[in-house]
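In what follows, a structure is listed as structure tokens, so that the remarks can point back to it.
Remember, it's 1-based here, ligands and their atoms both numbered in the order they're listed. Counting from 1, the numbers follow the sequence of the chain as shown.
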Amino acid sequence: MKEEVRRIQEETLAELKGVTSLDTLQELKVKVLGKKGSLTALLRQMGSLSAEERPIFGQVVNEARDVLEKAWVEQTQELEQIALQRQIEAERLDISLPGVSTIRGHQHPLTRVIEEMEDIFLGMGFDIAEGPEIETDYYNFEALNLPKEHPAREMQDSFYITEEILLRTQTSPVQVRTMERVHPQLPVKIICPGKVYRKDDDATHSPMFHQVEGLVVDKGIRMSDLKGILLNFSRQMFGESREIRLRPSFFPFTEPSAEVDVSCMLCGGAGCRICKGTGWIEILGSGMVHPKVLENGGYNPKEVTGFAFGMGVERIAMLKYGIEDMRLLFDNDLRFLQQF
Ligand code: 2NL
């Protein structure tokens, strides 16, 4: 029987070495050391031995059990180690690989310029007003002192939808609508940024472009208020050392009217290619609101006065960034846009 124990021990040890899964290892353990295991079965036969043989046999079985159990622990640890290595290998990450980055976009230069203008005027207490791009003849022309037969209407330069409806040619109709809505409340102090449309298309004109117009209406508004606001705007927009000058002009909706020049931001006034040697660059049109326009807005021109101005955003963006052709602003060519 001792030989039988040795045989089980050796056979089991040999079998153990070849086991590659933890499950099979457990099955083998039950088969030998379990309640119905081969070694347990031998132990049960101890009754047939003599009193002298019994303790010796017991010792042999216990030794075999110890040897096998030790072997099991070792084999279990080895298999667990192999499983862990496999898992580590499978989950391996190469953190030295270069990352895949997303392409970062940014605002369009026109949007940037519009928001910069908005910030400057908000800082001076203006509100921002918006309105429809499809307008009636009344708000776009008539209310702005441009009656039906007026030569400055430029019928053939406007996109008419019907005889009475057109794409707005300026943002002034928003200002008329605002006055109509809020009168007799004072002051009116707004800017109107937005898209406007004219039948023009070349290097300096686009059929759709952007305007920012401003309007201030209150008791006792004077030309000097206009100058002060526009000087402040020009210095924030183009540099602290800028000066402005006003030249007499004409618009049907303002009287008197003035064109505003800013001292050249490139040469500081000495004369260069950008200012064509004059030292000055025209940036906007302005004037004191015509009494008829105030009236159309619901205000009494005997009680209140106002000033207004309008500027083309594309022109300012071109000056600020040195863009030669306006159409570049609308082509959406990334090689151009990525420069900003
Ligand atoms: C220009 C000139 C200008 C205005 C726009 C205006 C609006 C109202 C009343 C009076 Cl509601 N005037 N707007 C005034 C003067 C000039 O724009 O060259 N724009 C690009």
Side-chain angles (χ1 to χ4, degrees), residues 110 113-114 117 121 126-132 135-136 138-147 150 152-154 157-158 168-183 186-198 200 204-218 221 223 225-227 229-230 233-234 237 244 246-262 281-299 301 304-319 326:
L110 285 177
V113 169
I114 291 170
M117 290 176 178
F121 283 107
F126 284 71
D127 287 328
I128 296 169
E130 285 180 310
E135 265 297 359
T136 61
Y138 173 76
Y139 284 110
N140 194 77
F141 290 129
E142 198 98 18
L144 289 156
N145 196 32
L146 278 144
H150 199 287
R153 267 199 183 216
E154 301 154 18
D157 296 339
S158 310
R168 68 183 182 194
T169 59
Q170 47 204 0
T171 55
S172 328
V174 182
Q175 291 166 303
V176 177
R177 286 174 180 278
T178 305
M179 285 193 280
E180 258 190 358
R181 193 178 65 245
V182 305
H183 84 276
L186 289 171
V188 177
K189 202 172 174 189
I190 53 168
I191 56 160
C192 302
K195 292 180 166 67
V196 297
Y197 302 84
R198 285 182 207 176
D200 275 324
T204 51
H205 298 89
S206 154
M208 184 280 292
F209 60 103
H210 298 78
Q211 251 194 346
V212 171
E213 280 197 47
L215 174 72
V216 175
V217 178
D218 204 354
I221 294 292
M223 199 90 183
D225 296 314
L226 166 72
K227 273 183 87 170
I229 291 282
L230 294 181
F233 165 76
S234 298
M237 193 74 197
I244 60 166
L246 272 61
R247 284 180 289 106
S249 184
F250 176 81
F251 300 109
F253 26 87
T254 48
E255 182 58 36
S257 304
E259 239 136 22
V260 178
D261 298 341
V262 62
I281 296 169
E282 186 188 320
I283 53 160
L284 54 86
S286 65
M288 300 306 290
V289 181
H290 196 288
K292 278 196 188 155
V293 179
L294 286 173
E295 225 163 62
N296 290 335
Y299 290 95
V304 303
T305 48
F307 70 77
F309 58 88
M311 58 190 146
V313 178
E314 282 75 6
R315 195 181 144 65
I316 308 251
M318 287 166 80
L319 284 171
M326 189 184 289

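- Atom 20 (C) of ligand 1 has its closest protein heavy atom at Gln211 NE2, 3.2 Å.
- Distance from atom 10 (C) of ligand 1 to its nearest protein heavy atom, with residue and atom name: Phe253 O, 3.4 Å.
- Atoms CG and OG, on Leu246 and Ser286 in that order, are 5.5 Å from each other to the nearest 0.5 Å.
- Residues Gln175 and Cys192 share a closest heavy-atom pair of CG-SG, 3.3 Å.
- Of the protein's heavy atoms, Glu213 OE1, 3.5 Å lies nearest to atom 5 (C) of ligand 1.
- Among protein heavy atoms, atom 7 (C) of ligand 1 sits closest to Gln175 OE1, 3.3 Å.
- Proximity of Ser286 to ligand 1, defined as any heavy-atom pair under 4.0 Å, is confined to the backbone N, CA, C and O atoms.
- We find the OH-CG distance between Tyr299 and Asp218 to be 9.0 Å, quoted to the nearest 0.5 Å.
- Between Glu135 and Arg177 a salt bridge is recorded (basic side-chain N to carboxylate O distance below 4.0 Å).
- The closest heavy-atom contact to atom 16 (C) of ligand 1, among the options Gly285, Gly214, Pro173, Gly312, comes from Gly285.
- Proximity of Phe251 to ligand 1, defined as any heavy-atom pair under 4.0 Å, is confined to the side chain (atoms from C-beta onward).
- Here the protein heavy atom with the shortest distance to atom 12 (N) of ligand 1 is Ala308 CB, 3.2 Å.
- Arg247 has a carboxylate O that lies under 4.0 Å from a charged side-chain N of Glu282, or vice versa, which qualifies the two as a salt bridge.
- Remark: side-chain polar atoms of Glu213 are paired, donor with acceptor, to backbone N or O of Thr171 under 3.5 angstrom.
- Note: an N/O pair closer than 3.5 Å links Gly310 and ligand 1 by distance alone.
- Residue Val293 has at least one heavy-atom neighbour below 4.0 Å for each of these atoms of ligand 1: 9 (C).
- Taking every non-hydrogen atom of Thr254 and a distance limit under 4.0 Å, the qualifying atoms of ligand 1 come out as 10 (C), 12 (N), 14 (C), 15 (C).
- Scanning all heavy atoms of the two residues, the minimum distance from Val196 to Gln211 falls at CG1-OE1, 3.9 Å.
- At least one side-chain heavy atom of Pro256 sits under 4.5 Å from a side-chain heavy atom of Met223.
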